[in-house]
Each structure stands twice: as structure tokens, then as C-alpha cells.
Peer 1: 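Take a look at the following structure, please.
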Amino acid sequence: MHAPSTLSAKQIQHLRHTIMQWQTQHGRHDLPWQQSPSAYSVHVSEIMLQQTQVSTVIPYFERWMQRFPSLDALASASEDDVMAQWQGLGYYSRARNLRKAAAHVIAEHGGEYPDCLQALQAIPGVGRYTAGAIRSFALQQYGPIVDGNVKRLYARLFGIDGEPNSSAFNRTLWQLAEQLTPHNASHIYSQGVLDLGATVCTKSQPKCSECPVQSECVAHATGRIEQLPNPKKKREKPFRVGHFSWHQPNQHIHLVKRSSPGIWGGLWCLPELPDAPKDAELAGEFIHQFTHYTLHAKVWRASTPQHLSVKDDNSVGYLATQLFDLNQLDQTGLPTPIKQFIQDRIALKRHT
DNA sequence: AATCCGTGGGT
DNA sequence: TACCCAAGGAT
């Protein structure tokens, strides 16, 4: 892998200054989580922003801070309440971990977030990136960060020609972040690299003419902007069939709570069956695209509740089970396609 | 190290 | 349309 040699002190100073000045003048300052940030609000926003675009997160963040305005409010909430608030955001282990994290900070740190990176990373769901982000944005202390934006920016700026997500590639990026991040006003630099990656050094059609570090950019100088960072190897997406049961006695729907870890863990869902039931009537079916596989869901009518459900390890077991009023589903965390299916069917029935 | 974990925006 | 991938972390 082609990696840059160690940066000179002069290079570091120049890049820091240029990026920080650009952030002050052209960076983002109006995002909801940038207004009077606390360790808690920064923590919440950073977890929500993992693998999720800013525009998607904003309404969830606003609702979350209304519903769980403090660490104590979150820690004392039920898992079902938390999952219902997270409904639709995906990667639901983030929500389960966020609730655990609130209890962790209260139990281990008396309700005050720790300020060292090591202790921050011991919080459930907080890794190297999020720990650095909390240090930078909430505590305004030295907190290097490497995320997708930073990887793209550094890969182009320094001409890093490595296998994406390989350990060598990641090690190089983190070394650069540690060198470049200043110990004073770390939050401005960190926000600067995020904003630069998100608004200028974009994945496609980057705005190099607006870039403050264009003249230092290896990829721009060598005409490799479109090649860097190198594309990830794509894998074949498998196709899976899932069988679900539909039991709907008098305006109620029978749901089971899915186990975690596992897909849709912690959410309420139509009971998943190990196989297609014999002599059952098909209530409906749908296709759902996950990142790793395509799900063909078949939903079968059941005259009796199906307490048995397929667990994550493919075994069959008894899970928590409950009848939900069809008008109550808005306050319940269901997988998005399942909720969609149920609501479509209810709407359909009303018209026939 | 490789795989799993959701959903939706952008092109 | 189909594909990439987004303020990553856990196992």
C-alpha cells in the first residue's frame, strides 16, 4: 500500500490552519446537535449518525431529545419505549446500546461522562470514532476522528492507495488523524474534516474548485480524484425466504419480540416460522432489500397464535408475545417493512 | 479478519 | 434500475 511518509511539522500546521479557517467561514454551524452541545446530546447524535445520513437523523434527534432530554430520562425508560423512538433508523443494536450506555455512565461515572478516550470507549456502543467525537465536540478536548468522510478526504489528500477497510489502510488513516488533530480547539478541526468531506470532497463530483487544500491534494495533482479512495470489493447478495404468521383476532395483531443480537433485535414483529405452514392461506408477501441479503417474506394466515418463532441462531423458541391494538402500532417499534405491510393490509381491508 | 447489523439518499 | 454507501461497532 502506498502511504504518505510522516508529515512535517510545517505541513501539519498549514493543513490544520487551512481546514480550521475554512470550517469557521464555510463549514456547518446550524445542525441541531451543534446548538449548546452536552456530552449526552453529542453522544446521542453521534450514535444516530453512524452509517446514517444527516438529513435522516435530524427529525429523530429532535424527537429523541424531547422524549429523553437527559441521561436519567433515558436510563429510566423501558426498552420498548427506546426502540419505538428508534423505529425506522435501522441498526437497532445502537438503540439498545444507547440505553445500556446511560445506565453505564450513571453506574460507573456517577452520571458525568468520563473525559479520557479509554473510558469513553468502554461505554456500550462507543468505539474509537465516537469516543473521539465526544471528546472533540462535547468536551472540546483532543479527540481524533476517522469516519467515512475523513477516510475519503485523507485518501485523496495524501494519495493513499490501499485496500479500503484493511488494517493497514485504517492504521494509516488513524495515524494521520492523530498527527493532524490539534490539542487546542480540536472541535473546529474535527468539524472541519467532516464538513469538508460531506460538502466538498464528496464521493461523486467533488467540488475541487472550492476546496481549501486543493493545492496540497495528491489525488488532484495526479488526476486520481475519481479513483481514490479505492472501491470496496462487492460481494454477491444472497436471496432468502422468510415465513411469517398473521393472526388478527378482532382488531388486534399478534406480535413477538425479537431476540438480540440478530436482525431486528428488540423490535416487535410478526412471528417468524421455520417453514411454510401446511394448508395455510397466503395473506401476502413482499421483497425487502437489506445490505447483505434480499428477503422474500411470505405472510401466512393463522387461526391460532404462533408462539413459536425462529430465533437468530436458526433455532425455534418461545419469545415474548403480545396482542397489539392496530391503532397502537404507532407507539411500538416494528421493522419498517413489517409495519408497512401491516398498515397496507389494514388500509386495504377498510376499502373492501 | 471477516461478517453481521437497516434503511434510505443520491446518481 | 441497480448500485454505492452514509458522523461505525461488536463479535
Side-chain angles (χ1 to χ4, degrees), chain A residues 27-28 31-34 37 42-61 83 86-98 100-101 120-134 136-138 143-153 163-171 173-174 177 187 190-199 202-205 229-238 240 258-267 269 287-295 312-313 333-340:
Chain A
R28 294 173 290 186
L31 296 170
W33 41 89
Q34 292 177 307
V42 170
H43 182 193
V44 170
S45 66
E46 291 300 338
I47 300 298
M48 287 186 171
L49 286 161
Q50 289 172 8
Q51 301 294 284
T52 311
Q53 294 185 350
V54 167
S55 61
T56 302
V57 166
I58 288 175
Y60 281 89
F61 177 79
M83 299 312 287
W86 202 271
Q87 140 103 59
L89 257 190
Y91 286 154
Y92 296 94
S93 68
R94 295 184 294 173
R96 299 192 305 269
N97 278 333
L98 197 45
K100 285 183 199 163
L120 285 168
Q121 280 195 68
I123 298 172
V126 175
R128 194 171 179 181
Y129 165 81
T130 304
I134 293 175
S136 266
F137 301 134
I145 56 170
V146 173
D147 77 326
N149 291 302
V150 177
K151 285 181 181 176
R152 188 171 55 253
L153 175 66
E163 173 71 24
N165 292 331
S166 68
S167 56
F169 183 72
N170 286 335
R171 187 163 51 246
L173 291 165
W174 276 102
H187 62 291
S190 293
Q191 190 64 51
V193 289
L194 290 181
D195 292 348
L196 208 44
T199 67
T202 49
K203 175 183 50 160
S204 61
Q205 300 181 343
N230 289 335
K232 294 168 191 160
K233 286 182 288 192
K234 54 181 172 187
R235 293 191 343 224
E236 191 177 348
K237 188 190 276 193
R240 300 182 193 173
R258 294 185 66 98
S259 58
S260 53
I263 192 79
W264 296 334
L267 296 181
C269 185
I287 305 288
H288 183 69
Q289 299 289 344
F290 289 104
T291 303
H292 293 84
Y293 62 95
T294 299
L295 173 68
D312 183 50
D313 60 0
L334 275 71
T336 295
I338 298 288
K339 188 169 194 174
Q340 180 88 51

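Proteins get letters first, then strands, A, B, ... in listed order; numbering begins at 1 in each.
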Peer 1: May I ask you to test the L89(A)-T56(A) pair for a side-chain heavy-atom distance under 4.5 Å?
Peer 2: yes
Peer 1: If the condition is ring-ring contact (aromatic ring centres under 6.0 Å, His included), which residues does F169(A) pass it with, not counting sequence neighbours?
Peer 2: none
Peer 1: So, using side chain to side chain donor-acceptor pair (under 3.5 Å) as the criterion, who are the partners of R28(A) when residues are at least two apart?
Peer 2: D195(A)
Peer 1: Compare all side-chain heavy atoms of V146(A) with those of N170(A) and state whether any distance is below 4.5 angstrom.
Peer 2: no
Peer 1: Between which nucleotides of DNA chain C, 5' to 3', does chain A make heavy-atom contacts below 4.0 Å?
Peer 2: dC4(C) to dA10(C)
Peer 1: Taking salt bridge (charged side-chain N to carboxylate O under 4.0 Å, His left out) as the definition, give me every residue that meets it alongside R96(A), ordered by chain and number, with sequence neighbours left out.
Peer 2: none
Peer 1: Answer yes or no: is there a side-chain heavy-atom contact under 4.5 Å between W33(A) and V57(A)?
Peer 2: yes
Peer 1: Under 4.0 Å, heavy atoms only, any strand: does S45(A) hit a base, just the sugar-phosphate, or nothing?
Peer 2: nothing
Peer 1: On DNA chain B, check which nucleotide each of Y293(A) and N165(A) is closest to and give me the residue with the more 5' one.
Peer 2: N165(A)
Peer 1: Using side-chain heavy atoms (C-beta onward) and a distance below 4.5 Å, is Y129(A) in contact with L49(A)?
Peer 2: no
Peer 1: How far, in whole Å, is dT11(C) from dG6(B) if one measures between their P atoms?
Peer 2: 14 Å
Peer 1: List for me each residue that meets ring-ring contact (aromatic ring centres under 6.0 Å, His included) alongside Y293(A), sequence neighbours excluded, and say none if there are none.
Peer 2: F290(A)
Peer 1: For a quick check of understanding: with a heavy-atom distance under 4.0 Å over all strands, which category does T130(A) fall into, base, sugar-phosphate or nothing?
Peer 2: sugar-phosphate
Peer 1: Would you give a per-nucleotide map of nucleotides 6-11 of chain B, 5' to 3', where B means the base has a protein non-hydrogen atom under 4.0 Å away, S means only the sugar-phosphate does, and - means neither?
Peer 2: BB-S-S
Peer 1: Taking the P atom of each, how far is dT3(B) from dA7(C), in whole Å?
Peer 2: 25 Å
Peer 1: Considering every strand and a 4.0 Å limit on heavy-atom distances, what is the contact class for V126(A): base, sugar-phosphate, or nothing?
Peer 2: sugar-phosphate
